[in-house]
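Before any comments, here is the structure.
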There are 2 protein chains.
Amino acid sequence: MSQGKSPNRYTLRDVARHAGVSLGTASKALNKSGTLRQETRDKVLKAADELGFRPNDLAQALHRGQSFTVGLISNDSFGRFTMPIMEGLETVLHAAGIALFMCNATDDPEREKRHIDQLLGKRVDGLIFTGRRADRRPVPGLALGNLPVLYVFSQSDEPGAACLLPDDEGGARLATAHLLSLGRTRIAHVTGPEDFEAVRLRRRGYEASLSKVDPALILHGPWSEAWGREAATRLLAMPVRPDAIFAGNDQIARGIVEALRDNAISVPRDIAVIGFDNWSVMTEASRPQLSSVDMNLKLLGEEAGQRLIRMIRGERESGTSRLPCTLVPRASTVPTP
Amino acid sequence: MSQGKSPNRYTLRDVARHAGVSLGTASKALNKSGTLRQETRDKVLKAADELGFRPNDLAQALHRGQSFTVGLISNDSFGRFTMPIMEGLETVLHAAGIALFMCNATDDPEREKRHIDQLLGKRVDGLIFTGRRADRRPVPGLALGNLPVLYVFSQSDEPGAACLLPDDEGGARLATAHLLSLGRTRIAHVTGPEDFEAVRLRRRGYEASLSKVDPALILHGPWSEAWGREAATRLLAMPVRPDAIFAGNDQIARGIVEALRDNAISVPRDIAVIGFDNWSVMTEASRPQLSSVDMNLKLLGEEAGQRLIRMIRGERESGTSRLPCTLVPRASTVPTP
DNA sequence: AATCATTCGGAAAAGCTTTTCCGATTCACG
DNA sequence: CGTGAATCGGAAAAGCTTTTCCGAATGATT
């Protein structure tokens with residue numbers, strides 16, 4: 001350690017000296033081990049406090065063979081999905097005395113590999129991969145051995161990998177059932193690109209909720225408001241119009257609502273609209289505000305934290321779990337009183 | 001180290017044994033030090049590769065007194081501003097052999113304090129604070145001593161703190177000058193809450209660009225599309241309407257554009273509109289697409305990385321620097337041919 | 001006075017890596 | 001043959017912390 005360069009200029013040896021005890025006694029006092037008088041412990045604690053002593057985690061980790069650190073690797077360059085997940089993770093890991101550090105690979109495999117390398121060098125106790133789409137991703141280009149690894153809002157090509165995801169299909173069922181409960185009988189589904197697994201699952205949830213599916217009411221396009229506008233225009237041009245639209249995400253839903261407004265269609269009176277993601281930037285700015293499905297990403301993060309802790313403690317975890325989503329009704333489906 | 005638990009099951013001692021050399025020789029070979037025959041070095045490198053050896057960063061950092069790690073502490077729970085900054089930082093720090101790890105405090109001072117504590121325990125070589133608004137923030141509740149600390153897109157109550165920020169005022173000048181260059185003569189400014197420093201600076205840039213300022217053309221409100229809509233409605237109700245509107249951010253601008261459309265005002269023909277932030281979620285979805293001012297956050301991150309490296313190497317850095325923004329013209333100000 | 005219990009000191013060892021230093025060996029050259 | 005250079009081994013030390021073990025000192029009890 002270069003002295004005077006960092007806030008941690010004092011070692012345990014300094015604390016011991018300051019407290020007038022031996023090095024071993026100082027350690028025992030701070031770690032509540034050994035048989036020391038309370039007076040001796042207090043003396044050491046006071047000395048440590050006065051010196052602003054902070055144990056050197058590096059030395060501790062080296063000695064105990066565990067760093068109590070977890071790395072989170074994300075390829076979500078916008079942070080939209082990762083941040084709530086991280087928040088939930090951090091809460092749970094912190095309660096277990098584990099620090100969480102994130103690296104953002106920005107969808108660059110080389111960068112990701114490098115991050116893994118760095119985290120392994122730091123001897124993290126586990127790794128979590130997450131991103132901005134839940135489809136399978138390539139196995140990392142480094143052997144991870146028995147290190148606990150968990151995919152959250154993400155999956156792996158590796159068979160048996162432990163994965164935790166929102167229940168897209170269930171969420172879509174919620175949305176469709178909500179529209180049905182409102183008496184809607186002709187529900188369209190405007191969604192994203194077919195190569196997203198989430199798109200397929202949401203579509204499956206929609207289809208499973210209907211007694212009869214009309215393929216002409218299912219439209220795929222890009223994740224954008226513009227696509228929502230175009231799709232709505234197409235639906236309006238049909239001989240028989242839908243009386244509700246379940247959009248694959250909130251951006252598409254926003255576009256749909258805008259096109260309906262442009263065409264003097266009243267939402268939800270004439271056509272109800274519900275999105276997916278519960279992205280407040282979209283739901284709140286839309287006119288009327290969007291009903292949506294929340295993926296509960298923070299809860300997903302909490303569940304992931306608990307799961308990883310179990311893995312770190314030696315339990316075996318594998319396979320994919322899906323956590324339920326939540327319906328968030330707003331004025332785009334529920335008329336305001 | 002608990003064996004078989006992690007990918008790093010081999011120590012340098014194992015590599016030496018595998019290569020049939022001494023521990024010291026193995027170290028010298030991997031670190032390109034000492035006087036070894038190339039043949040000996042190659043033998044050690046091969047052994048290390050075969051065993052998948054990765055040096056223990058903890059032991060290295062302990063020995064050399066430097067961790068080559070930097071902590072990034074953000075209070076931006078959405079990641080919108082932090083992610084591009086992080087990307088720029090990571091690029092520059094990586095080139096200098098330094099790892100970057102992020103903790104997200106989600107605007108909770110207790111959580112932030114805890115993160116600082118964790119990072120200090122890991123003996124980071126420097127700390128970077130960033131967030132979602134650039135105003136002064138309280139001094140962290142922990143003494144950081146001489147540890148290099150840099151505020152990026154953020155400022156500190158601590159006098160002389162090193163800060164790096166986008167040039168809000170300059171960006172506002174760019175936006176206003178752009179409108180002037182298009183022949184606009186009556187430019188309004190619809191912006192965010194007065195308690196944001198960025199709001200005050202952007203207003204100052206706007207005012208400085210005009211030979212004559214009409215206070216009635218400056219409206220403050222919340223950061224939302226709804227406020228943009230309301231403000232536009234107010235401006236349209238004025239005896240003399242503006243022929244251009246400079247919005248404090250893209251969300252407000254989006255709202256303005258929508259209200260103009262609702263009132264059959266053609267953008268940019270009748271009234272040109274420019275935003276700030278260049279947030280693609282807004283700029284691209286708007287009709288027409290929004291001209292905006294980009295804060296160059298990735299570049300800010302790169303500059304911050306370079307600055308922090310200098311600080312880590314012992315140079316003194318203090319005070320606030322501002323990096324220029326970039327004008328991004330789109331159809332909301334420039335008519336499409 | 002002797003014995004036992006409590007408390008602490010301090011030495012040693014371990015974790016892993018780097019670096020230095022000294023000694024030993026081998027080979028080449030004068 | 002003697003000397004010097006190149007090469008490597010291996011021991012030691014350092015970084016910081018934790019833990020164990022044994023010995024020493026003190027106070028209380030018999």
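In what follows, chains carry the letters A, B, and so on, assigned in the order in which the sequence lines appear, proteins first and then strands, with residues in each chain numbered from 1.
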Starting from [atom2] on [N], measure out to [atom1] on [X] and report it in whole angstrom.
X      : N       : atom1 : atom2 : result
L30(B) : dT17(C) : CG    : C1'   : 11 Å
R13(B) : dG15(C) : CZ    : P     : 8 Å
R37(A) : dG27(D) : CZ    : C1'   : 12 Å
Q66(B) : dT19(C) : CD    : P     : 13 Å
H63(B) : dA14(D) : NE2   : P     : 12 Å
D57(B) : dT17(C) : CG    : P     : 10 Å
N31(B) : dT20(C) : CG    : P     : 12 Å
E39(A) : dG27(D) : CD    : C1'   : 15 Å

Spell out, as yes or no, whether a donor-acceptor pair under 3.5 Å connects the side chain of [X] to the backbone of [Y].
X       : Y       : answer
D125(B) : V70(B)  : no
T91(A)  : E87(A)  : yes
D76(A)  : G79(A)  : yes
T130(B) : V152(B) : yes

Item to check | Within 6.0 Å of CD in Q38(A), more than 12 heavy atoms from elsewhere | outcome: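 Counting other residues, nucleotides and ligands, CD of Q38(A) exceeds 12 neighbours.
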Compare the minimum distances between each of [options] and the side chain of [X], then state the nucleotide with the smallest one.
X       : options                   : value
R123(A) : dC21(D), dT17(C), dT7(D)  : dT17(C)
S22(B)  : dG10(D), dA14(D), dG15(C) : dG10(D)
K28(A)  : dT18(C), dG10(C), dT7(D)  : dG10(C)
N56(A)  : dT17(D), dT7(D), dT18(D)  : dT17(D)
L12(A)  : dG15(D), dT18(D), dG9(D)  : dT18(D)
T11(A)  : dT19(D), dT18(C), dC16(D) : dC16(D)
S33(A)  : dT17(C), dG15(C), dT19(D) : dT19(D)
F53(A)  : dG10(C), dT17(D), dT17(C) : dT17(D)
L23(B)  : dG9(D), dT18(C), dG15(C)  : dT18(C)
T35(B)  : dT7(C), dT19(D), dT7(D)   : dT7(D)

Checklist entry - So, is Q60(B) near the phosphate of dT18(C), with a side-chain N or O under 4.0 Å from OP1 or OP2? => result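 Result: yes.
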Checklist entry - What does L58(A) touch in the nucleic acid at a heavy-atom separation under 4.0 angstrom: a base, only the sugar-phosphate, or nothing? => result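 Answer is nothing: L58(A) stays at 4.0 Å or more from every strand.
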Checklist entry - Can you check whether Y10(A) and F53(A) have ring centres sitting under 6.0 Å from each other? => result no
Item to check | First encountered from the 5' end of DNA chain D, between R41(B) and A59(B) | outcome: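 Its nucleotide being nearer the 5' end, the pick is R41(B).
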